[in-house]
Amino acid sequence: MFDSKLPSCSILLLAGGRGQRMGGQDKGLIEWQGRPLIAWLHDVARPLTDELLLSCNRNQTSYAAYADRLLSDENAGYPGPLAGVRAGLTAARNRWMMVLPCDTPLIDQALLHSLYAAATQAPEQPVMLRHGEQWEPLFSIIPTSLLSQVDERWLAGERSPKHLLLQLGAHELRIADDDRRLINLNTPDLLAIAGTHAGTSY
């Protein structure tokens with residue numbers, strides 16, 4: 001049901017951070033249930049788009065199999081996820097670009113279809129997931145026509161994806177407070193806990 005492509009929608013997988021919470025390890029390449037975290041994201045996103053982008057600043061050879069194109073930050077020194085988003089918007093050829101983090105292997109295609117459907121209802125504005133009072137800017141979809149406005153705010157010093165998207169009039173896609181599809185396996189402890197519950201339905 002959910003394997004059909006999202007029309008005119010690129011998907012950007014963010015794996016460009018320095019991995020501070022993982023002791024400097026590249027999060028996307030850390031294994032969970034015997035596979036790199038990025039592989040789980042790839043399997044969900046690949047059938048849905050004709051342009052799969054991946055933001056990474058190291059280990060490009062290892063990441064090459066998981067995207068159509070690899071992107072790197074324009075600025076050195078790991079300036080944060082907004083740099084990856086900006087690189088994605090510059091490269092994307094479709095009307096929309098969906099953003100997903102590399103450390104959430106429990107997402108599914110139903111969630112991505114819901115995010116896309118919300119975007120088509122507000123075609124000139126971004127959409128972010130929200131649960132409770134928590135915005136999730138790294139689960140978002142952005143019209144690529146907003147690149148110049150993103151660049152303008154970046155050059156003015158903005159580095160927060162949430163703040164920038166809200167400045168651009170982002171709408172929310174509200175999901176349940178306890179939706180486990182958004183669980184970030186971004187620390188060794190969380191990976192260990194998830195590994196001990198590998199047979200549990202998250």
**Study point:** Closest contact, heavy atoms only, W96 versus P123
**Key:** NE1-O, 3.9 Å
Practice item. Taking the side chain as every heavy atom from C-beta outward, state whether W135 and L166 have any atom pair closer than 4.5 Å. Key: yes
Point to revise | Check ion pair R69-E51 (N to O, under 4.0 angstrom) | key: yes
Point to revise | Residue pair R130, D177: steps toward the salt bridge (Lys or Arg N to Asp or Glu O under 4.0 Å) verdict | key: CA-CA 8 Å; R130 189 177 184 186; D177 290 0; over 6 Å; no
Exercise for review: Would you check, one step at a time, whether the test side chain to side chain contact (heavy atoms under 4.5 Å, CB included) holds for V150 with L164?
Suggested key: CA-CA 7 Å; V150 171; L164 185 144; 3.8 Å; yes
Review point. Quick one: does L12's side chain get under 4.5 Å of L52's, heavy atoms only?
Key: no
Exercise for review: Answer yes if the side chains of Q149 and Q167 hold a donor-acceptor pair under 3.5 Å, and no otherwise.
Suggested key: no
Practice item. Show the numbers, then the answer: is there a side chain to side chain contact (heavy atoms under 4.5 Å, CB included) between T49 and K5? Key: CA-CA 5 Å; T49 183; K5 282 186 168 55; 5.9 Å; no
Review point. Would you say the side chain of H171 lies within less than 4.5 Å of the side chain of Q125, judging by non-hydrogen atoms?
Key: yes
Review point. Does D73 pair with R86 as a salt bridge, N-O distance under 4.0 Å?
Key: no
Review point. Would L111 and I175 count as a side chain to side chain contact (heavy atoms under 4.5 Å, CB included) if you check the C-alpha gap in whole Å, the side-chain angles of each, and the deciding distance to 0.1 Å?
Key: CA-CA 9 Å; L111 183 64; I175 59 174; 4.3 Å; yes
Point to revise | CG on L82 to NZ on K162, rounded to 0.5 Å | key: 13.5 Å
Check your understanding: Considering only heavy atoms from C-beta outward, does the side chain of L37 approach that of P105 to under 4.5 Å?
Key -> yes
Check your understanding: If we only count heavy atoms from C-beta on, is the M97 to V85 side-chain gap below 4.5 Å?
Key -> yes
**Study point:** SB check D68 R93 (cutoff 4.0 Å)
**Key:** no
Check your understanding: Any side-chain heavy atom of L89 sitting closer than 4.5 Å to one from I142?
Key -> yes
Check your understanding: How close do R174 and H131 get, heavy atom to heavy atom, and via which atoms?
Key -> NH1-C, 4.4 Å
**Study point:** Contact check, side chains of R159 and W154, non-hydrogen atoms, under 4.5 Å
**Key:** yes
Point to revise | T104 side-chain N/O to I107 backbone N/O, donor-acceptor pair under 3.5 Å | key: no
**Study point:** Presence of salt bridge, E158 and R153, under 4.0 angstrom
**Key:** no
Practice item. From the options L112, T120, I141, L48, select the one residue that forms a side-chain contact (heavy atoms from CB on, under 4.5 Å) with C9. Key: I141
Check your understanding: Nearest heavy-atom pair of C102 and L41: which atoms, and what distance?
Key -> O-CD2, 3.7 Å
Study note, to complete from the structure: For L53 and A67, the nearest pair of non-hydrogen atoms, with its separation, is C-CB, 4.1 Å
Practice item. Please name the pair of heavy atoms, one in Y63 and one in L70, separated by the smallest distance, quoted to 0.1 Å. Key: O-CD2, 3.8 Å
Review point. Within a strict 4.5 Å, meaning less than it, do heavy atoms of the L129 and S140 side chains meet?
Key: no
Revision key, fill the gap. Closest heavy-atom pair, A91 versus L71, reported as atoms and distance to 0.1 Å, is CB-CD2, 3.8 Å
Practice item. Report the C-alpha separation of T90 and L147 in whole Å, then their side-chain angles, then the decisive distance to 0.1 Å, and conclude whether the side chain to side chain contact (heavy atoms under 4.5 Å, CB included) test is met. Key: CA-CA 7 Å; T90 301; L147 171 60; 3.7 Å; yes
